[in-house]
Amino acid sequence: MKDVIRIEGGRKLNGTVRVSGAKNATVALIPASILASGPVTIVGVPNISDVKSLSTILQELKVDVIQKGEDHLVIDPTHMENITLDHPAVTKLRASYYFMGALLGKYKKVKIRMSGGCYLGPRPIDLHLKGFEALGATVKYEQGYYTLEAKELVGTKIFLDFASVGATINILMAAVFAKGRTTIENAAKEPEIIDVVTLLNKMGAKIRGAGTNVITIDGVTELSGCFHEIIPDRIEAGTFIIIAAAAAEHMVVENIIPQHLEALLSKLQEMDVDMDVQVDRVTIRGGRQLKAIDVKTLPYPGLATDLQAPLTTLMTQAYGESTVTETIYPQRFKHCDELGKMGARIDVNMPSAVIHGPTKLYGVDVTATDLRCGASLVIAGLIGDGITTIDEVYHIDRGYDNLDGKLKNLGANIWRDQIEE
Ligand code: EPZ
């Protein structure tokens with residue numbers, strides 16, 4: 001048996017929703033914690049299946065993981081062992097590759113099976129491996145396993161061909177104990193990188209420049225445990241702000257950092273969405289006619305590729321022709337086929353799509369092909385006429401903490417049923 005999510009569309013949403021801790025920070029903070037010689041307490045941990053997968057991997061490494069309260073994790077690597085990581089949990093999420101940088105940094109050796117995650121088109125890790133090799137590691141790939149090994153790790157200058165989030169974080173974790181200074185140029189600037197660096201510096205690392213395109217890491221000999229609170233999830237926040245623009249009468253999205261959402265907020269203002277932005281929340285009122293817009297996804301602080309699918313659903317309700325151009329994942333348009341089944345009129349010509357609006361959407365059976373596609377279908381279900389059934393909802397549960405529960409509290413008619421696998 002497996003879950004499907006069902007939504008009866010047409011209900012106007014009202015109320016306040018509180019955003020959880022950032023998934024894309026959490027999935028890096030947990031592996032980074034093993035670099036400490038003592039317990040690391042992390043609060044604001046979202047209740048998502050990626051965290052469960054990472055905790056399973058930590059237990060494989062004999063790291064003690066204690067869940068305290070609903071969003072506290074205490075991670076104690078005091079007695080950990082550097083075993084080969086071949087547990088199936090490793091293939092459940094792409095971010096398990098962060099154990100490469102963490103274990104290489106800590107032990108100068110790691111053997112791990114290839115990680116998995118959402119299919120968004122090719123997702124190589126060449127930039128990660130190039131960084132590890134620059135630090136002095138040898139890289140072997142045999143029968144689905146990577147083996148990285150280094151006699152010693154020596155700081156050096158690394159230029160990233162693309163401002164990759166994963167490569168930036170992975171390389172800086174491998175460099176924290178390296179001899180001398182490592183400089184990462186053309187580093188990614190996402191807020192999640194700043195959060196990981198905040199944790200590592202609390203542990204005693206010497207990292208400067210996070211949030212800019214040049215990050216320097218001066219190697220140290222030991223890192224200690226610490227306490228850390230995760231930043232709010234800007235992608236969950238953006239998803240709920242888009243949900244409000246599509247389906248709310250009056251909605252408040254709280255526990256956000258507006259600076260992390262500037263690109264999205266300016267695009268929604270262009271659409272003439274009725275919203276007030278305050279220091280840690282946004283209030284959105286429905287009822288206005290939305291204008292068509294053109295968007296292009298870019299590395300931070302540009303418009304996040306993870307908000308492209310949810311925003312595409314909103315654009316089906318705007319008056320006129322909107323265009324989307326994907327510069328991060330050129331093939332990230334699978335949600336358009338599913339939205340088309342619901343009545344959307346979208347012409348996809350990768351890496352772009354033209355969305356004709358406004359179009360009436362109808363509740364039908366659709367499939368979540370990845371995490372953010374799932375979110376875009378939930379939004380479509382909220383505004384569609386009739387009942388939408390969303391299959392493969394495990395994608396949604398990987399990255400959104402209690403999405404349907406939060407929507408139910410806002411007045412949505414949304415529930416889960418079990419169907420045959
Ligand atoms: C992170 O993935 C996020 N995941 C993604 O969110 C997000 O879409 C992406 O950053 C871009 O913002 C996590 O943080 C766990 P990249 P990541 O390395 O690190 C190419 C979600 O929905 N590339 O910045 O894998 C790559 O193919 C997920 O929450 C290389 O060519 O993204 C892609 O085209 C989906 N070689 C582009 O760079 C490399 O070695 C962006 O990748 C690495 C990346």
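It should be emphasised that the depicted structure is a prediction, and the values quoted were computed from it without experimental measurement. Whatever order the structure lists them in is the order used to number ligands and atoms, beginning at 1.
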(request) Before giving the answer on side-chain contact (heavy atoms from CB on, under 4.5 Å), spell out for S20 and D233 the whole-Å C-alpha distance, their side-chain angles and the decisive distance to 0.1 Å. (result) CA-CA 6 Å; S20 303; D233 191 319; 5.7 Å; no
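Residue Y400 places every heavy atom at 4.0 Å or more from ligand 1. Judged by the shortest distance from any of its heavy atoms, G399 lies outside the 4.0 Å radius around the atoms of ligand 1.
Atoms of ligand 1 found under 4.0 Å from any heavy atom of R94 (numbered from 1 in listed order, with element): 25 (O). Atoms of ligand 1 found under 4.0 Å from any heavy atom of L127 (numbered from 1 in listed order, with element): 36 (N), 39 (C), 40 (O). Using a 4.0 Å cut-off to heavy atoms of K23, the atoms of ligand 1 that qualify are 21 (C), 29 (O). In summary, the atoms of ligand 1 found under 4.0 Å from a heavy atom of R332, numbered by their order in the structure, are 8 (O), 22 (O), 35 (C). Atoms of ligand 1 found under 4.0 Å from any heavy atom of V27 (numbered from 1 in listed order, with element): 15 (C). Near V165, meaning under 4.0 Å from any of its heavy atoms, are these atoms of ligand 1: 10 (O), 16 (P), 18 (O), 19 (O), 24 (O). Shown in contact with Y97 at under 4.0 Å from a heavy atom are these atoms of ligand 1, numbered in order with element: 17 (P), 19 (O), 25 (O). Close contacts of ligand 1 with I125, meaning ligand atoms under 4.0 Å from a residue heavy atom, involve 39 (C), 40 (O).
Closest heavy-atom contact between F240 and L403: CZ-CD1, 3.6 Å. The two residues V348 and C336 make their nearest non-hydrogen contact at CG2-CB, 3.6 Å. The heavy-atom pair separating A134 from I158 by the smallest distance is CB-CG1, 3.8 Å.
Under 3.5 Å, the side chains of Q308 and T312 contain a donor-acceptor pair of N or O atoms.
Neither the backbone nor the side chain of Y300 comes within 4.0 Å of ligand 1, counting heavy atoms alone.
Of the listed options N24, D126, T168, N24 places a heavy atom closest to atom 4 (N) of ligand 1. In this comparison of S164, A375, A167, the heavy atom closest to atom 44 (C) of ligand 1 sits on S164. Across the listed options D306, I328, D50, L371, I328 owns the non-hydrogen atom lying nearest to atom 34 (O) of ligand 1. With P330, G302, G166 as candidates, the residue nearest to atom 19 (O) of ligand 1 on a non-hydrogen basis is G166.
In this structure a side-chain-to-backbone donor-acceptor pair under 3.5 Å is present from S96 to V90. A donor-acceptor pair under 3.5 Å links the side-chain atoms of S322 to the main chain of I293, judged by distance alone.
For residues 197-209, no pair satisfies salt bridge (charged side-chain N to carboxylate O under 4.0 Å, His left out), with sequence neighbours left out.
K111 places none of its side-chain heavy atoms less than 4.5 Å from the side chain of K140.
Using the six-membered ring where Trp is involved, Y141 and Y146 have ring planes that are tilted, between 30° and 60° apart.
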